[in-house]
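What follows is a short report on a single structure.
To find a chain, count down the sequence lines: A is the first, B the second, and so on, and within it residues start at 1.
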Amino acid sequence: MILKQYIEDRVLDVLIKSDINNIEVVVDRTQNPEFGHYTTSTPFNLSKILKKSPYDIAREIAEKIQDPLALIDKIEIKGGFINFFLNTDAFHLVVEDILEKKERYGRFNEGQGKKVQVEFVSANPSGPLHVGNGRGGALGDVLANIFEWFGYNVEREFYVNDMGNQMNLLALSVEARMRELLGEDFEIPQEGYHGEYVKDIARSALEKFGNGIWNLSEEERLKELKEFAEETILSWQREDLALFGIRFDCWYRESTLHKNNTLGEALEILKSKGYTYERDGAIWFASTRFGDEKDRVLVKSDGSSTYFLADIAYHLDKYKRGFSHIIDIWGADHYGYVARMKASVEALGYDPDTFEPIIYQIVHLFRGGSAVRMSKRTGEMVSLRELLDEVGKDAARYFFVMRDPNSQLDFDIELAKSQSINNPVYYVQYAFARCCSLFKQAELKGIDIGRIDHCDLSCLQDPLERDIMMILEDFPDMLKNVFYNRAPHRLTAYLESLAKGFHSFYNSLRIIQENEDLMYARMALVSATRQVIKNGLDILGVSAPEKM
RNA sequence: GCGCCCAUAGCUCAGGUGGAUAGAGCAACAGACUUCUAAUCUGUGGGCCGCGGGUUCGAGUCCUGCUGGGCGCGCCA
């Protein structure tokens, strides 16, 4: 980043002195060493404006480039490209930068403490979390971490859907299972819950309430059971998420919105602005006026409110809590809600750009080559807990964010468990452990670790060393990419390439050795590598074991 | 039917705001441990970027029409 920035600034400097303004200069790393380390194609873009050939422009710019830090070895013109070759000393600046900034390397202060909310998982309290929730959980938590790295004050929130018919069905299902356990006739409602876990809840309910529960009125009994089932399931979810390394700042219940009459408030705002109307005895929101494909019902003809109105109220409440940016992480099956929620945010009077739903595609579980079937109806879903028990937190988190959220994810349980090169988590963690091991070795040999931080890096001249330094240089820039594109999978890919660079270096060059200058310089590089892997794993919420 | 997502090596996937000869890993084959962790490394082969048009100096990337797969289109929650 510092090097790329340096090149960019040098080019910009020439343009400004030539009175060419408002031109964006993009400097890229090259893929081919033939083209140097960094390149820019700005001359192509200037060609039309200046009415000169890209080649001539490139030559003119190249001639005027200043190099106050003496980092540029040579500049070559190829067509309209300006290719920059840096000297090896340039890359030493990167190592120094990392050793100075340490755990702050790659952080930015773009957010300046602005309040951002990331709401994710938000599974209904009607059953244990499943693997789909796992992807949403990992994605949301990592994005929240990224926002923190960019200087935002982030709140993680879980929305608890504790109202509605589903909870009544849950209570009825539990009651049926209780009767079953008592050897009575029972019937699980058609749309009820059939999973094994319902029996577990029924069993604990019998223990907790005893026979007295049957003396209550039907209504009273179901109310008790509903509350009991809900709290039980919520505690499961909380445990699962804790095992998954996720802690929410706030568990926000839908019932709170009803108690505070936020629904009425939201409805009033929409009404007063004239965005509602009555038809067929229902109250409608004219969401098509804000780009939705059809208008939506807020209050049904029987007088009850829709889930959508509660959602509008929920988002009104979020804005009232002072968040400047609101992110909702939704599964692909919620795509249909994007347009209407955007519409309602705008109708309430807030900037729809500050509301950002992020959609992730579904997860397919595999075990070796074969797909693991999931069925919601029979309740035989693979739970997040089972997955965590089998592959562990680190592999689970890593695998869930390893792919573009827009792409479906094939999650191979066997691969996630395997302790081999095939498994990218182990590959990256192993690189970290090797770094740590080198430090341990160094200490055993009585080497002065403190000297590493201010050693002479000039003996780092090997291409393998330079490759690592170039990757390390890229870290902050890569994080910007991750941040702006909401694309954590680029971080995992980055860590794998850094680990690869390190393993190559480790295998072919001796680090701890007779030549002390070289040894300290290489240890400095190891130290920088270790730091960057650590920073990256921290963002992912994956542990960095010192020994494996 | 309409909206959105996806399609890149045999497999799983990378390829910010368009840039040079499209990259990894796995699998296959051939090699490397008396020495800092072989959970590693080195080398080889492998491609009409789903198909057809268009935009321009330049397209895997942008626009458009198809094909195939996934998801969504309730006065459900």
Item to check | Under 3.5 Å donor-acceptor, A:Tyr398 side chain and A:Thr492 backbone | outcome: yes
Item to check | Value in whole Å for how far the P atom of B:A77 lies from CG of A:Leu169 | outcome: 11 Å
Next on the checklist: Please report the distance separating the P of B:A14 from the corresponding atom of B:A7, rounded so that it comes out in whole Å.
Outcome noted: 8 Å
Checklist entry - Is any side-chain N of the basic residue among A:Lys52 and A:Glu60 closer than 4.0 Å to the acidic one's carboxylate O? => result yes
Item to check | Carboxylate-amine/guanidinium contact A:Glu473 A:Arg29, below 4.0 Å | outcome: no
Checklist outcome for this item: In whole angstroms, the gap separating P of B:A39 from CD of A:Glu496 amounts to 19 Å
Checklist entry - Is the A:Phe308-A:Tyr337 ring centre distance short of 6.0 angstrom? => result no
Checklist entry - Tell me, what's RNA chain B's dot-bracket, Watson-Crick or G-U with both distances under 3.5 Å, | for other-strand, [ ] crossing? => result (((((((..((((.....[...)))).(((((.......))))).....(((((..]....))))))))))))....
Checklist entry - Sequence neighbours excluded, which residues qualify as ring pair (Phe, Tyr, Trp, His ring centres under 6.0 Å) partners of A:Phe285? => result none
Item to check | Side chain of A:Gln441 - closest among B:C41, B:C36, B:G19 | outcome: B:C36
Item to check | Options B:C71, B:C57, B:G16, nucleotide nearest the side-chain atoms of A:Asn45 | outcome: B:C57
Next on the checklist: Under a 4.0 Å threshold between the charged nitrogen and the carboxylate oxygen, would A:Glu157 count as salt-bridged to A:Arg253?
Outcome noted: no
Checklist entry - On a whole-Å scale, what distance lies between the P atoms belonging to B:G43 and B:C26? => result 13 Å
Next on the checklist: Given B:C73, B:U56, B:A39, identify the nucleotide with an atom nearest to the side chain of A:Lys294.
Outcome noted: B:C73
Item to check | Inter-nucleotide P distance (B:G47, B:A22), Å rounded | outcome: 12 Å
Item to check | Rounded distance in Å between the P positions of B:A24 and B:G68 | outcome: 35 Å
Checklist entry - Looking only at side-chain N and O atoms, does A:Tyr427 come under 4.0 Å of OP1 or OP2 in B:C41? => result yes
Next on the checklist: In whole Å, I'd like the distance from the NZ atom of A:Lys547 to the C1' atom of B:C36.
Outcome noted: 16 Å
Checklist entry - Is it true that A:Glu443 and A:Lys445 have a side-chain N and a carboxylate O under 4.0 angstrom from each other? => result no
Next on the checklist: Taking the C1' atom in each of B:G19 and B:U61, what is the distance between them to the nearest angstrom?
Outcome noted: 11 Å
Checklist entry - What's the CG-C1' distance between A:Asn485 and B:G16, to the nearest Å? => result 4 Å
Checklist outcome for this item: Regarding the side chain of A:Phe44, the nearest nucleotide among B:A20, B:G19, B:C36 is B:G19
Item to check | Between B:C76 and B:G16 - P atom distance, rounded Å | outcome: 44 Å
Checklist outcome for this item: Residues at least two apart in sequence or cross-chain that pass ring pair (Phe, Tyr, Trp, His ring centres under 6.0 Å) with A:Tyr494, listed by chain then number, are A:Phe475
Item to check | Rounded interatomic separation in angstrom, taking CG from A:Leu365 and C1' from B:G70 | outcome: 16 Å
Next on the checklist: Does either side chain, that of A:Asn161 or that of A:Gln166, offer a donor lying less than 3.5 Å from an acceptor on the other one?
Outcome noted: yes
Checklist entry - Quick one: what's the B/S/- string for nucleotides 4-13 of chain B, heavy-atom cutoff under 4.0 Å, read 5' to 3'? => result SSS-----SS
Item to check | Residues in side-chain contact (heavy atoms from CB on, under 4.5 Å) contact with A:Ala339, at least two apart in sequence or another chain | outcome: A:Asp292
Next on the checklist: Between B:G70 and B:G60, how far apart are the two P atoms, rounded to whole Å?
Outcome noted: 28 Å
Item to check | Spacing of the P atoms in B:C11 and B:U44 (rounded, Å) | outcome: 23 Å
Checklist entry - Rounded to whole angstrom units, what separation is found between the CD1 atom of A:Ile468 and the P atom of B:C41? => result 12 Å
Item to check | Ring centroid separation A:Phe355 to A:His325 under 6.0 Å | outcome: no
Item to check | Separation of B:G58 P from A:Lys78 NZ (nearest whole Å) | outcome: 21 Å
Checklist outcome for this item: For nucleotides 21-35 of chain B, 5' to 3', base contacts (B), sugar-phosphate-only contacts (S) and non-contacts (-) with protein non-hydrogen atoms under 4.0 Å give B---SS--------B
Checklist entry - Can A:His315 and A:Asp328 be counted as having a side-chain donor-acceptor contact under 3.5 angstrom? => result yes
Checklist outcome for this item: note: A:Leu298, atom CG; B:A77, atom P; distance rounded to Å ~ 13 Å
Checklist entry - Is it true that the NZ or CZ of A:Arg530 lies under 6.0 Å from the centre of A:Phe439's six-membered ring and within 45 degrees of the ring axis? => result yes
